[in-house]
Amino acid sequence: MKLKIYGDLGCSSGKRMRKENRVFFHSEAEALQHYYRPCGHCLKEKYKAWKLDHKR
């Protein structure tokens with residue numbers, strides 16, 4: 001399963017990700033357009049807002 005999460009380059013969670021699974025975007029808007037969600041570790045506030053908007 002491929003998780004679609006974006007975050008900061010210095011995020012410790014992202015650094016543990018396999019290099020072949022890393023995707024880079026020019027902007028946060030571009031990541032969101034491709035249905036990626038904010039990282040809950042390095043982008044906590046954005047993740048909380050995203051989670052509220054995407055409750056099932």
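Hydrophobic cluster of Y36: the remaining members, joined at side-chain heavy-atom separations below 4.5 Å, are Y6, V23, F25, L32, L43, listed by chain and number.
Around atom CG of L9, no more than 12 heavy atoms belonging to other residues, nucleotides or ligands sit under 6.0 Å away.
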Q: Could you check R37 against H54 for side-chain contact (heavy atoms from CB on, under 4.5 Å), going step by step and ending with a plain yes or no?
A: CA-CA 10 Å; R37 70 159 175 85; H54 291 84; over 6 Å; no

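Contact detail for Y47 and C39: the closest heavy-atom pair is CB-O, 3.8 Å.
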Name the atoms and distances for all side-chain donor-acceptor pairs under 3.5 Å in residues 11-21, with sequence neighbours left out.
| residue | atom | partner | partner atom | Å |
| --- | --- | --- | --- | --- |
| S12 | OG | H41 | NE2 | 3.2 |

